[in-house]
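Notes follow the structure.
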There are 2 protein chains.
Amino acid sequence: MNQTKDISTEQLILETAEKLFLEKGFAMTSTTEIARVSGCNQALVHYYFRTKENLFQSIFENKFRMLISTLPIDNQSNKPFEEQLASIVEAHFELIRSNPKLPFLIFNELITNPQRLKTLKQRLGELPRPMFLQLQRQLQEEIDEGRIRQTNILDLLLTMLSLNVMIFLGTPIIQNVMQLSDNEINELYEHRKKENVMIILRSLRP
Amino acid sequence: MNQTKDISTEQLILETAEKLFLEKGFAMTSTTEIARVSGCNQALVHYYFRTKENLFQSIFENKFRMLISTLPIDNQSNKPFEEQLASIVEAHFELIRSNPKLPFLIFNELITNPQRLKTLKQRLGELPRPMFLQLQRQLQEEIDEGRIRQTNILDLLLTMLSLNVMIFLGTPIIQNVMQLSDNEINELYEHRKKENVMIILRSLRP
DNA sequence: GGGCTATTTAATAGAGCTATTAATTTTCTG
DNA sequence: CAGAAAATTAATAGCTCTATTAAATAGCCC
């Protein structure tokens, strides 16, 4: 058994599939195409993953775990809450920036194939709860001391997700309609990152 | 020629297709299924629209025109800018609320099938430019008089879109994960509508 | 090398899909 | 009512897709 080659073929299929799924979604990507782009026989895709659904799940879980493991957790510092929150928002922005097509895939597959919500729920259970709870605790502390307005963490997270995700969801459209170069898109990203932090901080003021 | 029945069959196919496309996307919906759900012969779908792509385009254009025609244009009043803006944001929120799955379809099909961007660009050209320009003019006026901070209309629209769209994109996930009843979801919508208005108004303060 | 396992391939079953065609039924019109 | 036009249907061609199977090949250990 050639360990090197084993891993590389399976990995190659995995990476090719990920790329194609992200580009065109689950339904529009065939195992035939995955094999063609990988440069391997079509039966190999099924040899390693048995079904297309399995292959997708593997990638989905992988990406989700990756997302979770890269979440910002360095909020044990004693910086003021505003600064910590700004760091979190920026880290979240960069996280999505490094996987700009992932939100699309997640929405696409969760909406079109609701049974995948079950898988998602399990994954969400793996979220680093301590970090979440600490953020919630800090938020309450700030509220109690009157430094921010009465609010709750779900609104805060929803606002952050909205602002940080939409710019990447909309990039294909924005770039095409406004004829922006990659450089200009990156400038737009930097601008929106600051903007999003500002919007969120302002939204919390008493 | 039975005018009534003509229209009703074609219309029936159109409506069924719209429902299915919105639910499951373009690729996951077959003309066979559209016919089955419509209760008509599969060849009829092609008789009226020749190709599945044509059918999709018809629906897409239809929806887009509908969206545009329902855009809030009543900004000739002399209410203060903040109130007018609040009305616009709320109207936009309600517009998406009445077509909650449309943003998903738009993103889905524009991202997976980039050639549709061309169609979109044409449709965007049909946007009521006067309304857009007036908003821009008013914004500049407010900036000049120091009532809001230096900003631009694209940021404003992007923020509004982000906040107003994401809650509906995320609804299937939120509802499932948090086990919310339809009533609770509606309460969440009302809450977020106010929240979004507030966030946007605060983001503009000097 | 021989046997063993893992990998890869070609071939194909079986299903579903889009689109077309030709025939049939329905509807309209003079 | 007769004939034309429109709507509807059944049948099917021609693809492509997923998944399986059986055979071929490669790598490894004794």
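Labels below follow one simple rule: chain letters A, B, ... track the order of the sequence lines, proteins then strands, and each chain is numbered from 1. Since we're looking at a predicted model, the values are computed, not measured.
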Just to verify, what does B:R137 make a salt bridge (charged side-chain N to carboxylate O under 4.0 Å, His left out) with, not counting sequence neighbours?
B:E141
Does A:K19 come within less than 4.0 Å of A:E23, counting only side-chain N to carboxylate O?
yes
Length of the line joining A:E53:CD and D:dA19:C1', which is rounded to integer Å:
14 Å
With sequence neighbours excluded, what pairs up with B:S38 under the side-chain contact (heavy atoms from CB on, under 4.5 Å) test?
B:L12, B:I13, B:T16, B:I34, B:C40
Does anything in residues 154-168 of chain A form a salt bridge (charged side-chain N to carboxylate O under 4.0 Å, His left out)? List the pairs, not counting sequence neighbours.
A:D155-B:R192
Measure CG/B:L55 against P/C:dA19 and give the value in whole Å, please.
10 Å
Apply side-chain contact (heavy atoms from CB on, under 4.5 Å) to A:Y189 and list each qualifying residue two or more places apart in sequence or on a separate chain.
A:F93, A:R97, A:I167, A:F168, A:T171, A:I185, A:N186
Interatomic distance where NZ belongs to B:K52 and C1' belongs to C:dA19 [whole Å]
12 Å
Check nucleotides 22-24 of chain D for protein N or O atoms closer than 3.5 Å to its own N or O atoms and list the pairs.
none

Atom CG of A:N54 to atom C1' of D:dT18: distance rounded to whole Å?
13 Å
Restricting to salt bridge (charged side-chain N to carboxylate O under 4.0 Å, His left out), what partner residues turn up for B:R65, sequence neighbours left out?
B:E61, B:E126
Please name all residues satisfying salt bridge (charged side-chain N to carboxylate O under 4.0 Å, His left out) with A:E184, sequence neighbours left out, ordered by chain then number.
none
Once salt bridge (charged side-chain N to carboxylate O under 4.0 Å, His left out) is applied, do any residues pair with A:K63, and if so which ones, sequence neighbours excluded?
A:E18
Could you check whether B:R149 pairs with A:E195 (Lys NZ or Arg NE/NH1/NH2 to Asp/Glu carboxylate O, under 4.0 Å)?
yes
Expected list for residues 21-36 of chain A near DNA chain D, using heavy atoms below 4.0 Å, is A:T29, A:S30, A:T31, A:T32
Once side-chain contact (heavy atoms from CB on, under 4.5 Å) is applied, do any residues pair with B:M28, and if so which ones, sequence neighbours excluded?
A:A27, B:K24
Going by side-chain contact (heavy atoms from CB on, under 4.5 Å), name the residues that satisfy it together with B:L133, two or more places apart in sequence or in a different chain.
B:R129, B:Q136
Tabulate protein N/O versus nucleotide N/O from nucleotides 20-25 of chain C, keeping only pairs under 3.5 Å, one per line.
none

Rounded to whole Å, please give me the gap between CG in A:L44 and C1' in C:dT8.
5 Å
Check the distance between C:dT26's P and B:N41's CG and give it to me in whole angstrom.
14 Å
